[in-house]
J.: 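The structure's right below; bear with me while I get my questions together.
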Protein chains: 2
Amino acid sequence: MAKTPEDPRGTRERVLRSAETLFAERGFEIVSLRDITGAADANVAAVNYHFGSKEKLIDAVIERHVVPINEERVELLNRFEAKWVESPLPVDKVLKAFLWPMLRHITSGEMSEELFGKFMGRLIGERGYRLPESVRPLFRMMAARFTSALRRAVPQLSEEEALWRMHFSFGVMSNTLTHGDTLREISGGRAGNPSIEKIFEEIIEFCAAGIEAVKKES
Amino acid sequence: MAKTPEDPRGTRERVLRSAETLFAERGFEIVSLRDITGAADANVAAVNYHFGSKEKLIDAVIERHVVPINEERVELLNRFEAKWVESPLPVDKVLKAFLWPMLRHITSGEMSEELFGKFMGRLIGERGYRLPESVRPLFRMMAARFTSALRRAVPQLSEEEALWRMHFSFGVMSNTLTHGDTLREISGGRAGNPSIEKIFEEIIEFCAAGIEAVKKES
DNA sequence: TTACGTTTTAAACATCTGTTTAAGTTGATG
DNA sequence: CATCAACTTAAACAGATGTTTAAAACGTAA
């Protein structure tokens, strides 16, 4: 009975799963290899045997979640663009193509909503866009595809404006995923308890309006 | 010749200033007391003598920057509201009251633009809104004042919507401050090199449009 | 000068960090 | 059974971590 790479009984797989949970909860740098291997019922040396170093383990965890999401993003954008051959693809559909794959990743149970949010947040907050070498080409391609889709959707935007407004939108998503639970807490219930789907809709509405905003003379 | 608390020759002050720089550059948890005291030409034990613990040193650094900014925010909002007694204060002015004190903090040289951005970003990313006990009442008051100002500016917003859209706007600011430099880098110059004042204007334009957005049937 | 509270210091504390070693175990193949 | 690679293991490595200690230096006032 061969152990497949996905076999949850395999040490490598157990370490990977414990690592992603702990990284999301507490951060990449703070979590120690002994925390991880302790939770995974494995020996400390297993990390260096299977991954080479802590840094490479971090890369493996990131790759595992970032690659499929970015692939789905491009596929979804392709599908939308195929349907909008006559009129240009509207902004909210571009944003949807970016956000929905994350939603699928959450609801498919790969990670809980809260954990996944914190994980994506730490990817930005702690690593500052510095993704592992292996995922950078895909990431670059995805970003280029979305920038040009955005500019076709809002032709009056200069390239510079388009880039900054994409950056702004990314800030909305990251901050909401990471700290949406905190907002619910500190508001004392006044922020309600909207579903993740509802929040994504609100984000799209907010960002679409921001991206389409036109200068007003003050 | 008495040493005032602000005397840069005092050990306490030198430790505080080294700490804030290193925290901004590398993060609160990762920077060690020996990194800090090394940069401040002080003894490791000085931290525990003057502050009690590393955690209390972190609190002191946060307090030092967050308190004056939040005070200025409330004052500026008061000044704006005093001038708009007839018509309601527009959204972009509310956002301006929130953002400008940060701008003043940067240009007054308390911290460089880049360092300050990273510092504010880490406050959210690493500490998740968990501010030291001593600044929480002021923060709560400031948030309440801005929420109500926002609702007067856009009356059709429910309280829940207003809170979430404030949260979204905060995400834009935090992410832009923290990772604006990264955007400039990875875009290969295509994002230009706008001044911090220009970026703040763009943020206000984006967020104002997002906050004022109205539902559109899809 | 002496005395006293404040501040600084080097050294040691116990514990934790990522990584390596070398001996062990396993399970399938010849 | 013997062989061999894949894997797991306990132990040790050198260095870093926040904190504490007790002695020394300092500045001021009696």
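Here the structure is a predicted model, which means the values were calculated and not measured. A note on names: the letters A, B, ... follow the listed sequences, proteins ahead of strands, and every chain is numbered from 1.
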J.: Are any of the side-chain nitrogens in B:Lys198 or B:Glu202 under 4.0 Å away from the carboxylate oxygens of its partner?
T.: yes
J.: Measure OH/B:Tyr49 against C1'/C:dA11 and give the value in whole Å, please.
T.: 19 Å
J.: Quick one: closest heavy-atom pair of B:Phe119 and B:Ala24, and the distance?
T.: CB-CB, 3.9 Å
J.: Find out whether B:Glu81 and B:Leu77 are in side-chain contact, i.e. whether some heavy atom of one side chain is under 4.5 Å from a heavy atom of the other.
T.: yes
J.: Does a nitrogen or oxygen in the side chain of B:His50 sit under 4.0 Å from OP1 or OP2 of C:dT6?
T.: no
J.: Listed in order of residue number, which residues of residues 21-30 of chain B have a non-hydrogen atom at under 4.0 Å from DNA chain C?
T.: none
J.: What class does the angle between the rings of A:Phe98 and A:Phe170 fall in, given that below 30° is parallel, 30 to 60° is tilted and above 60° is perpendicular?
T.: perpendicular
J.: For the pair B:Arg122 and B:Glu20, find out whether any cationic side-chain nitrogen is under 4.0 Å from an anionic carboxylate oxygen.
T.: no
J.: For the pair B:Phe28 and B:Phe23, name the ring-plane relationship: parallel under 30°, tilted 30 to 60°, perpendicular over 60°.
T.: tilted
J.: Across the strands shown, which category fits A:Val47 at heavy-atom distances under 4.0 angstrom: base, sugar-phosphate, nothing?
T.: nothing
J.: Please state whether the phosphate of C:dT8, meaning OP1 or OP2, lies under 4.0 angstrom from any side-chain nitrogen or oxygen of B:Thr11.
T.: yes
J.: Pick the nucleotide of DNA chain C nearest each of A:Gly52 and A:Asp35; which residue has the one closer to the 5' end?
T.: A:Asp35
J.: Side chain of B:Ser32: nearest nucleotide among D:dT8, C:dG18, D:dT17?
T.: D:dT17
